Asker: 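This structure is in structure tokens; I'll ask about it shortly.
Please read these numbers as outputs of a predicted model, since none were measured by experiment.
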Amino acid sequence: MKIGCVVLAAGNSIRFGENKLLREFAGQTMIARALAAIPAEKLAKVVVVTQYREIEELAMENGFTPIRNEHPEFGQSYSVKLGLQALSDYDAVLFQVSDQPLLQRKSVAALIDFYCKHPKNIVALGYQGQRGNPCIFPAAYFPKLMEMDGDHGGNVVIRRHEDALMLLEVSPQELTDVDTPEIWNQF
């Protein structure tokens with residue numbers, strides 16, 4: 001099975017007030033932590049969608065393919081589409097956000113293994129029935145992902161196909177997104 005990964009790292013961090021992905025957490029930037037959480041040996045290709053030169057360079061240093069998002073103002077759906085275009089002939093794509101500093105590589109690897117046992121389902125990490133990120137979509141959902149617009153991610157497609165969603169339980173800390181300085185200060 002040919003599984004690709006799209007790392008979403010093009011946001012403007014408006015609620016945070018600065019590029020949060022370059023903020024250090026436990027000695028590494030958040031983007032470096034996100035890239036370190038990717039089990040590349042389980043994936044055919046990893047693309048990193050970003051508007052930032054520093055993140056493009058970091059992606060290449062990790063052996064990943066950067067994809068420039070020249071229009072981050074179009075919202076997350078545009079980054080999803082850019083990444084998916086690069087992996088359109090794959091069997092499935094894992095979408096990973098870049099602002100979960102406690103996400104563990106072993107959890108992402110376990111999610112890929114979980115998907116391989118349930119290849120017709122959308123799978124995601126979760127906690128007590130609440131979906132988190134990352135998520136893996138089979139190719140059957142690629143056209144629906146390509147139809148999205150605005151500042152929406154795969155959650156739009158998941159809401160329309162909740163019967164296809166399966167969750168792999170992890171600790172709630174791993175699923176914490178750092179969207180605001182207030183959340184950052186809780187770490």
Asker: Nearest 0.5 Å, what's the OH-CG distance between Tyr52 and Leu22?
Answerer: 8.0 Å
Asker: Just how far is it from atom CG of Leu84 to atom OG of Ser77, taken to the nearest 0.5 Å?
Answerer: 12.0 Å
Asker: Got a sec, which pairs hit salt bridge (charged side-chain N to carboxylate O under 4.0 Å, His left out) with one end in residues 77-90, sequence neighbours left out?
Answerer: Lys2-Asp89
Asker: Is there side-chain contact between Leu102 and Thr176, with heavy atoms separated by less than 4.5 Å?
Answerer: no
Asker: Looking at every heavy atom in both Ile112 and Pro39, which two are closest together, and how far apart are they?
Answerer: CD1-CG, 3.7 Å
Asker: Tell me the side-chain hydrogen bond (donor to acceptor under 3.5 Å, both in side chains) pairs involving residues 38-49, sequence neighbours left out?
Answerer: Glu41-Arg105, Lys42-Asp113
Asker: Would you find a donor on one side and an acceptor on the other, under 3.5 Å apart, between the side chain of Arg33 and the backbone of Pro101?
Answerer: yes
Asker: Using the side-chain contact (heavy atoms from CB on, under 4.5 Å) rule, take Ile38 and Phe64 through it: C-alpha gap first, then chi angles, then the decisive distance, then the call.
Answerer: CA-CA 10 Å; Ile38 297 168; Phe64 304 150; 4.0 Å; yes
Asker: Same hydrophobic cluster for Met60 and Leu35, using side-chain heavy-atom links shorter than 4.5 Å among ILVMFWY?
Answerer: no
Asker: Which distance, rounded to the nearest 0.5 Å, do you find between the CG of Leu21 and the CD1 of Ile55?
Answerer: 4.5 Å
Asker: Between Gln96 and Val7, is there a donor-acceptor pair closer than 3.5 Å when you use the side chain of the first and the backbone of the second?
Answerer: no
Asker: Is there a donor-acceptor pair closer than 3.5 Å between any side-chain N or O of Ser98 and the backbone N or O of Ile31?
Answerer: no
Asker: Starting from the C-alpha separation in whole Å, work towards a yes-or-no answer on side-chain contact (heavy atoms from CB on, under 4.5 Å) for Asp91 and Ile3.
Answerer: CA-CA 6 Å; Asp91 298 311; Ile3 303 173; 5.5 Å; no
Asker: Measuring from Leu145:CG to Ile122:CD1, what's the distance to the nearest 0.5 Å?
Answerer: 7.5 Å
Asker: Measuring from His71:NE2 to Leu82:CG, what's the distance to the nearest 0.5 Å?
Answerer: 9.0 Å
Asker: Does any non-hydrogen side-chain atom of Val49 lie less than 4.5 Å from one of Val6?
Answerer: yes
Asker: Should Ile136 and Leu111 be marked as a side-chain contact (heavy atoms from CB on, under 4.5 Å) after you check the CA-CA gap, both sets of side-chain angles, and the distance that decides it?
Answerer: CA-CA 8 Å; Ile136 302 176; Leu111 182 66; 3.9 Å; yes
Asker: Give me the atom names and distance for the closest heavy-atom approach of Tyr90 to Ala44.
Answerer: CE2-CB, 3.5 Å
Asker: State which residues pass ring-ring contact (aromatic ring centres under 6.0 Å, His included) with Tyr127; sequence neighbours excluded, sorted by chain then number.
Answerer: none
Asker: Below 4.5 Å, heavy atoms only, C-beta onward: do Arg131 and Asn133 meet side chain to side chain?
Answerer: yes
Asker: Mind checking ring-ring contact (aromatic ring centres under 6.0 Å, His included) for Tyr141 and listing every partner two or more places apart, or none if nothing turns up?
Answerer: His161
Asker: List the atom of Ser79, the atom of Asn69, and the distance in Å for their closest heavy-atom pair.
Answerer: OG-ND2, 2.8 Å
Asker: Taking only residues at least two apart or on different chains, which pairs with a member in residues 54-67 satisfy side-chain hydrogen bond (donor to acceptor under 3.5 Å, both in side chains)?
Answerer: Arg53-Glu56, Glu56-Arg68
Asker: Any pair with a residue in residues 135-150 that passes salt bridge (charged side-chain N to carboxylate O under 4.0 Å, His left out), sequence neighbours left out, goes on the list, sorted by first then second residue, please.
Answerer: none
Asker: Do Ile158 and Phe137 pass the side-chain contact (heavy atoms from CB on, under 4.5 Å) test, and can you show the C-alpha distance, the side-chain angles, and the key distance before you say yes or no?
Answerer: CA-CA 9 Å; Ile158 291 171; Phe137 289 86; 3.8 Å; yes
Asker: On a heavy-atom basis, which atom in Asn121 and which in Ala164 lie closest, and how many Å separate them?
Answerer: ND2-O, 2.9 Å
Asker: Minimum heavy-atom separation for Cys135 to Ala124, with atom names?
Answerer: SG-CB, 3.6 Å
Asker: For the CD atom of Glu174 and the CD atom of Glu169, what is their distance to the nearest 0.5 Å?
Answerer: 11.5 Å
Asker: Looking only at heavy atoms, which two atoms of Val108 and Pro134 are closest? And how far apart?
Answerer: CG2-CG, 4.2 Å
